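Worksheet for the structure shown next.
Each ligand, and each atom within it, is numbered from 1 in the order the structure gives. Bear in mind that the values here come from a model prediction, so they are computed numbers and not experimental data.
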Amino acid sequence: MGRTVYIDGRFVPEEEAKVSVFDHGYLYGDGVFEGIRAYNGRVFKLTEHINRLYDSAKAIMLTIPMSKEDMEETVLETIRRNGLTDAYIRLVVSRGRGDLGLDPRKCQSATVVCIVDKIVLFPKELYDRGIKVMTVATRRNNVDSLSPRIKSLNYLNNILAKIEANLAGYPEVIMLNSEGYVVEGTGDNIFIVKGNKLITPPTYVGILEGITRAAVMQMAKEAGHDVREEVFTRHDVYTADECFFTGTAAELIPCIEVDGRTIGSGTPGPVTKALMNAFKRLTQETGTPIYRKTQEAAAI
Ligand code: PMP
């Protein structure tokens, strides 16, 4: 069955969900987006994703032509119309239809699209065994050129890194910033465990402030870990006890080898495994209900 897609106030079959070739999202990658996930009839961290979308839009001076409340409702309604309880949701707000020049002032109003689909995961065995990664030559965008904090439609930086990963046969890679500090993966944040410390790069080195990253930091603090946002290098990763990546699509995935160096024991470590379990519980038990009425009725 084909999907129902939301586009500019209408819910249409996916074949009819079309954007103009004059849309600056298409012509220039001028726009912002979010990747959100629903588990077990609830949307995980919906408000946080909507806030990040509006922050990204604000940074590029893009006016989203609807309120945050309406945007949340649009996400929920799109999932309902597709009859899903577990889903991957893609919200895209592009600059809209303009002329062939760069000037965003020529674009009358933003195009808003919401797509929901079933989620495709890394194979389960990668979560059980952990992934092997390498660092890539492509450096993450400089914060003063195009801040990685903006989740923009310009993902070529990440795609170039992904191409390096594909050529070398790795499922994910580590990106460094121009100074050589570890920043993140192509679509995930990175954590290392060293002794009793759980360390992830701070925002200012040039990362997307991941929503999964924030959830993991919170859970780890509650579990009594010493959680730090600190700059680190490849050397710190090679010599870490544990390493893992976090992201909406990947969730938490252990990393057991970096640039040919085995991390810790070469198997997913105890801190990583405990956080994976805690995250699973969090995603199953929290979030905005999609089918509010049905769930309320069921509770009576
Ligand atoms: N970094 C980048 C570059 C990403 O694209 C993503 C995925 N949105 C992440 C990190 C992880 O962020 P989140 O946990 O919010 O999905």
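Closest to atom 11 (C) of ligand 1, if we only count protein heavy atoms, is Asn189 OD1, 3.6 Å. At the shortest separation from atom 14 (O) of ligand 1 among protein heavy atoms lies Thr212 OG1, 2.6 Å. Here the heavy atom of the protein found nearest to atom 8 (N) of ligand 1 is Lys151 NZ, 2.8 Å. If you check which protein heavy atom lies closest to atom 2 (C) of ligand 1, you get Glu184 OE1, 3.6 Å.
With a 4.0 Å cut-off on non-hydrogen atoms, Asn158 touches ligand 1 through its side chain and not its backbone. Under 4.0 angstrom from ligand 1, the non-hydrogen atoms of Arg140 all belong to its side chain.
Ligand 1 has no N or O atom lying under 3.5 Å from any N or O atom of Glu209, backbone or side chain.
Between Phe33 and Tyr155, the ring centre distance stays below 6.0 Å. Taking the ring centroids of Phe44 and Phe279, they lie under the 6.0 Å cut-off.
Pro202 places a side-chain heavy atom less than 4.5 Å from the side chain of Val231.
When the heavy atoms of Ala215, Gly247, Gly187 are ranked by distance to atom 7 (C) of ligand 1, first place goes to Gly187.
A 6.0 Å sphere centred on NZ of Lys162 holds more than 12 heavy atoms belonging to other residues, nucleotides or ligands.
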